[in-house]
There are 2 protein chains.
Amino acid sequence: MPRKSYHHGDLKNALIQAGIQILAKEGVAGLSLRKVAGKAGVSHAAPYAHFTDKQALIAAISTEGYRRLYERIEDIIRQYADDPSKQLIETAWTYVDFALTDPAHFKITFSGVIEQEKEHPTFVEMSQKSFDSVVRIVEACQAQGVLEAGPSDLVAVSVWSQVHGFASLVLEGQVSHNLLDRMSLREMLIFSLNQITKVAIA
Amino acid sequence: MPRKSYHHGDLKNALIQAGIQILAKEGVAGLSLRKVAGKAGVSHAAPYAHFTDKQALIAAISTEGYRRLYERIEDIIRQYADDPSKQLIETAWTYVDFALTDPAHFKITFSGVIEQEKEHPTFVEMSQKSFDSVVRIVEACQAQGVLEAGPSDLVAVSVWSQVHGFASLVLEGQVSHNLLDRMSLREMLIFSLNQITKVAIA
DNA sequence: CGGAAATCTTGACGCCGTCAAGATGTTGTC
DNA sequence: GACAACATCTTGACGGCGTCAAGATTTCCG
């Protein structure tokens with residue numbers, strides 16, 4: 001889409017969105033600043049008015065990924081306000097669903113492509129908020145005896161590890177065809193979650 | 001190290017080792033075919049006699065990472081032949097230890113940097129062998145009532161997810177300082193494993 | 001021994017991230 | 001309303017990158 005004026009108006013967000021689209025179409029390897037600029041209809045060096053370097057754009061795209069996840073988690077918490085088990089399952093599934101729906105965006109967000117995360121405070125903040133949401137779900141589950149008692153942040157790390165690991169394994173194709181023929185990914189995920197819960201959930 | 005003859009002799013392995021060293025020193029972003037070639041003392045296009053493209057070299061480096069893990073797992077199985085719980089813990093820890101000791105090599109091996117894995121059969125074979133080792137440990141644990149009964153490959157996916165996820169979270173810095181001050185990573189890992197075992201292990 | 005095959009070098013191409021210099025538009029101040 | 005300061009964007013350049021083609025060198029095998 002061409003722009004009317006010399007100035008774009010909202011180039012920063014346009015670059016982030018263009019980046020997400022390129023990730024979806026061409027994967028992590030296909031993401032270049034020049035292509036992102038081209039897609040947004042500006043010259044190849046224009047992004048440097050908004051991002052100090054490529055890592056900064058990647059950090060912004062990652063932050064957007066975390067924001068997307070965070071908002072879905074908050075929706076789920078609201079939707080199943082009185083059912084912590086359901087919150088746990090649906091949050092886990094939304095995580096896996098993100099990985100399947102937008103693999104490259106998921107990878108760049110959650111697979112440590114960002115090198116110096118400390119230099120990107122909004123990224124750290126967004127990931128912290130997401131983790132805090134999980135802690136809240138864990139605490140609700142503990143209150144109902146669904147999850148083992150103990151420090152909620154520690155249990156949350158276990159749960160998050162389980163789900164993150166499962167999503168990663170699926171993306172890497174490490175889940176065998178043999179297994180995939182027998183049951184769906186959602187069933188496998190729920191099975192895995194039931195390994196760490198005190199009582200069965202579904 | 002200079003070489004005596006026009007032909008290198010074992011350039012293929014030299015390139016893989018050079019790649020692993022560069023990963024250790026400069027991270028994933030610093031890995032280029034030209035630097036690898038330079039480190040091995042050959043011209044910039046020499047690698048193309050042994051690898052079809054950069055992805056093929058990355059696949060070889062990843063395969064080497066899986067081989068390293070596989071050999072350690074087999075050592076652990078032998079060392080604790082009559083103690084499945086110990087096998088489980090030490091295998092999990094060797095996985096996390098790999099991530100901490102050589103983060104870039106770990107990432108490139110286990111974090112889906114390889115795009116078209118089907119085109120690299122030795123990589124697939126090595127990852128399959130590693131997974132099979134885990135399945136054997138799981139079955140031994142199930143026989144002793146340490147892990148829940150059920151399809152061993154399915155339970156193995158749960159265990160592997162847990163450990164892989166934990167290692168990834170640690171690498172990404174998602175484990176809070178607050179938590180790290182209270183206990184060691186090994187303690188956290190053992191806590192997580194105990195979430196999925198029927199009886200306490202240590 | 002001689003030619004085929006494997007291995008390595010050289011040189012080139014286009015794409016990339018990044019920087020410097022300058023053009024263009026916007027905003028705040030008197 | 002003019003104009004200076006500023007933010008934004010363009011143009012052009014640089015070295016490094018992955019990759020390919022052509023040719024040089026060495027090894028292998030009939």
Side-chain angles (χ1 to χ4, degrees), chain A residues 1-23 25-62 104 108 113-117 119-120, chain B residues 1-23 25-62 104 108 113-117 119-120:
Chain A
M1 54 178 111
R3 64 188 197 280
K4 36 225 166 231
S5 63
Y6 186 85
H7 282 190
H8 182 285
D10 192 19
L11 181 56
K12 185 166 186 175
N13 277 311
L15 291 170
I16 293 172
Q17 295 309 319
I20 291 174
Q21 287 178 36
I22 289 176
L23 279 176
K25 253 181 247 167
E26 310 183 39
V28 177
L31 183 72
S32 78
L33 270 181
R34 294 172 102 106
K35 255 190 280 194
V36 169
K39 187 145 198 156
V42 295
S43 73
H44 66 264
Y48 284 88
H50 303 276
F51 300 102
T52 63
D53 55 14
K54 191 186 180 182
Q55 275 290 311
L57 173 61
I58 290 177
I61 292 173
S62 300
I108 224 169
V113 180
I114 295 190
E115 302 286 340
Q116 287 300 99
E117 55 192 30
E119 295 169 15
H120 306 287
Chain B
M1 54 179 111
R3 67 186 196 279
K4 40 234 164 222
S5 62
Y6 186 87
H7 281 189
H8 181 285
D10 192 19
L11 183 57
K12 186 165 185 174
N13 278 311
L15 291 169
I16 293 172
Q17 296 307 320
I20 292 174
Q21 285 178 36
I22 289 176
L23 278 176
K25 253 180 245 165
E26 310 183 38
V28 177
L31 183 72
S32 77
L33 269 182
R34 293 173 102 107
K35 256 190 279 194
V36 168
K39 187 148 199 154
V42 294
S43 73
H44 66 263
Y48 285 87
H50 303 277
F51 300 101
T52 62
D53 56 14
K54 190 185 181 184
Q55 274 291 310
L57 172 61
I58 290 177
I61 292 174
S62 300
I108 224 169
V113 178
I114 296 191
E115 301 285 340
Q116 286 300 99
E117 54 193 29
E119 294 170 14
H120 306 287

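Labels below follow one simple rule: chain letters A, B, ... track the order of the sequence lines, proteins then strands, and each chain is numbered from 1. Model, not experiment: these values are computed from the prediction. Values below: every heavy atom of this structure, side chains too, minus hydrogens, waters and symmetry copies.
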Find the distance A/Asp53:CG to C/dA20:P and express it as a whole number of Å. 14 Å
Is B/Leu31 close to B/Val28 at the side-chain level, that is, under 4.5 Å between some pair of heavy atoms? no
Between D/dA7 atom P and A/Lys12 atom NZ, what is the distance in whole Å? 14 Å
Collect all protein-nucleotide pairs involving nucleotides 13-17 of chain D in which both atoms are nitrogen or oxygen and the distance is under 3.5 Å.
| residue | atom | partner | partner atom | Å |
| --- | --- | --- | --- | --- |
| D/dC17 | OP1 | B/Ser32 | OG | 3.3 |

Exercise: identify the closest heavy-atom pair between B/Ser43 and B/Ala37: O-CB, 3.4 Å
Which of C/dT10, C/dC8, D/dC9 is nearest the side chain of B/Ala45? It is C/dT10
Take B/Lys35 and B/Glu26, measure what side-chain contact (heavy atoms from CB on, under 4.5 Å) needs, and give me the verdict at the end. CA-CA 11 Å; B/Lys35 256 190 279 194; B/Glu26 310 183 38; 2.7 Å; yes
Rounded to the nearest 0.5 Å, what's the gap from CG on B/Leu15 to NE2 on B/His50? Could you check? 6.5 Å
To the nearest angstrom, how far is A/His50 atom NE2 from D/dC6 atom C1'? 14 Å
In whole angstroms, how far is the C1' atom of D/dT19 from the OH atom of B/Tyr48? 4 Å
Taking only the side-chain heavy atoms of B/Ala46 (C-beta and beyond), determine which of C/dT9, C/dT7, D/dT10 contains the nearest atom. C/dT9
In whole angstrom, give the distance that lies between atom CZ of B/Phe51 and atom C1' of C/dC8. 15 Å
Value rounded to 0.5 Å, distance of CD1 in B/Ile16 from CD1 in B/Ile58: 12.5 Å
